[in-house]
Amino acid sequence: MPIQLLLVALALTPPPAPVGALPSEAQIRWHEHEFYGFIHFTTNTFTDKEWGYGDESPDIFNPSALDTDQWARVASEAGMTGLILTAKHHDGFCLWPTQHTAHSVRSSSWRGGAGDVVGDLATSCRAHGLRFGVYLSPWDRNHAAYATPAYVDVYRAQLAELIETYGPVFEVWHDGANGGDGYYGGARENRTIDKATYYDWPSTWAMIERLAPDAIVFSDVGPGCRWVGNEHGFSAETSWQTISPGNLMPGMDIKGLDTGDPDGTHWIGVEADVSIRPGWFYHASEDDKVKTPEQLIEIWYGSVGRGANLLLNIPPDRRGLIHENDIASLTEFRRILDATFEEDLLRGSSIGSQSVRAAHDARFEPANLLDSNPETYWATPDGITAAAVELTLSEPRSIDVIKLREHIRLGQRIESFALDYWADGQWKEFAQGTTIGPRRILRTERITTDRLRLRITGCRGDAIVLADFSAYCRP
Ligand code: FUL
C-alpha cells in the first residue's frame, strides 16, 4: 500500500483505547520474570528457628561448605529467572559487611569476618544468568534504635548500601511483620510501631526509585508488586492486577489482595510467595516434608497460571547448600513442565474471526495470537466486547492445557472466556475461565480435535484485545 494510503488507514483505525490503571515499563518486564526463587538463610538456619530474637551471637552463623554457585545452578535448572536473598531477617543479622550495624558477618568468625553472602550470591546470579534481588526486613529485633526515627535512617542506609554495592537488583522485598518483643540492643522489651507512619514508606520508595529505577518494590501493597495475601502460593481464579492502595501500608491486615479490583487506581501485579518446605528457614526435621513435584506443579498452575509471579523459597541448610531432597523435587517438577510446554500445538494453524478491528491491518489480525509475542495482538472494533476466533489445526491433536495472554500495555480487560472444540459435527465447550491478565494457563479435560474456538464472553473497555493463544498436552 502506498505510504499516503497507509497513513490514512492508520489515522482511521487507532488502536483500542487503554482500560483502567496501566503497568509501567518496569512492571511489564517484571511480569515476564514469572518464576524465581527466595533464599531464607541466616542465624535461624543454625538455631533452628523461624524468627530469631536478635540476641544471637554472630559466631552461630557458620556454614561449613557455603556455595552460592550451587544455589544459582539449582535455581537456573529449576527454570527460575532470579533469586531474592534475605540480606537481613527480623533478627537483624546482616549477611553482608554493612557499615550500619556491627551485627553482621563482619562480627562472625565465619571466614574470619571476611565473608559476604550477599556479594557471593550477587556474583553467582550474574554468572548463571539470573536476576538478583534483596529482602531487607524492616523489623530489626537486634537494633537498639528500633522504633525510634534513628532506626528508619539506618534501614534506608542499609537499603542504599545494598543497592549501590550489589545492584542492579530486580526486586526489593519488604515483608509486613513488624514490632513486638526483641533484644533491641539489650533492652529486651516489647516495642510497637505505627504501621501507617513509622517507616514513612513513600520516602523510602522514592529513594529506591532514584537508586534503582528498574527495580520492582514488593510489599503487601506495592508500589511495584503486591503480596498475594497468603503463603500457600495460590492466587485467585479471578484476579485483577489492579488495586486501590490508598493509604494502606505494609503490615496492615489487607483483604482481597489476591483478587484485586478491576476498578483499582494502580497496577500493582500479584506475587505469590511460598516455601518448598513447611518453614521459611531450613530445619533438618523437615527434610521429609519437602513439597512433592506434584504439589509444586499445583502451586505453579495456581500462581503463574493465574497471572501471578511465583516466588518459591528454597532454604539452604547448615552446610550452606540447597538440600538434596529439595533438588530432587525441583528437578522432577521442571521435567514435567518442560515436557508439557515442549510444543505449542496451535503453531501452524489457520485462524480467523468475524470481528477484526480493521480489515487488512496486520496490527489487529487474529494471527497475532499465534506468534507468542505479547506485544502483538488481536483486537475487535469498538463496541464489540464479545467475539470469537476459530482455528483449524494442521492435523488433529490432543490438547489438555490452554494458555492465554493479554496485551497488558492496554490494560487488563478480559472478564470471561470459553473454549470449544469441534467433534461429531458440532462445537462442544470444554473449558471456561474468567480473568486472563499477563497469563492464564488452564488445565482442561483432554480433547482431540483439528478445530478449536475461543470465545471472549466478557470484556471491559470498548474492544477486545488479546495477545496470545497456545495449547499443549501434559505428559
Ligand atoms: C514474613 C516473615 O515473617 C517470614 O519469616 C518470611 O520471611 C516471609 C516471607 O515474610 O513476613
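For ligands, and for the atoms within them, numbers begin at 1 and follow the listed sequence. Predicted, not measured: the structure shown is a model, and the values here were computed from it.
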- [ ] Decide yes or no on side-chain contact (heavy atoms from CB on, under 4.5 Å) for I216 and Q27, but give the supporting numbers first.
- [x] CA-CA 7 Å; I216 289 295; Q27 288 173 316; 3.7 Å; yes
Solution key, residues 242-252 side-chain donor-acceptor pairs under 3.5 Å, sequence neighbours excluded:
{"unit_1": "T242", "atom_1": "OG1", "unit_2": "D261", "atom_2": "O", "d": "2.7"}
{"unit_1": "S244", "atom_1": "OG", "unit_2": "T265", "atom_2": "N", "d": "3.2"}

Sequence neighbours excluded, the answer for side chain to side chain donor-acceptor pair (under 3.5 Å) partners of H407 is none
Please collect all ring-ring contact (aromatic ring centres under 6.0 Å, His included) contacts where either partner lies in residues 100-125, sequence neighbours excluded, each pair once.
->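 For residues 100-125, and leaving out neighbouring residues, the ring-ring contact (aromatic ring centres under 6.0 Å, His included) pairs sorted by first residue read F61-W110, F93-H103.
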Pocket residues around ligand 1 (non-hydrogen, under 4.0 Å) come out as F38, H40, W51, H89, H90, Y135, W173, D175, A177, E231, D273, W280
Checklist entry - Are the charged groups of K289 and D287 less than 4.0 angstrom apart, N to O? => result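 D287 and K289: not salt-bridged.
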Original post:
Strictly by modelled atom types, are R347 and S372 linked by a side-chain donor-acceptor pair under 3.5 Å?
Top reply: yes
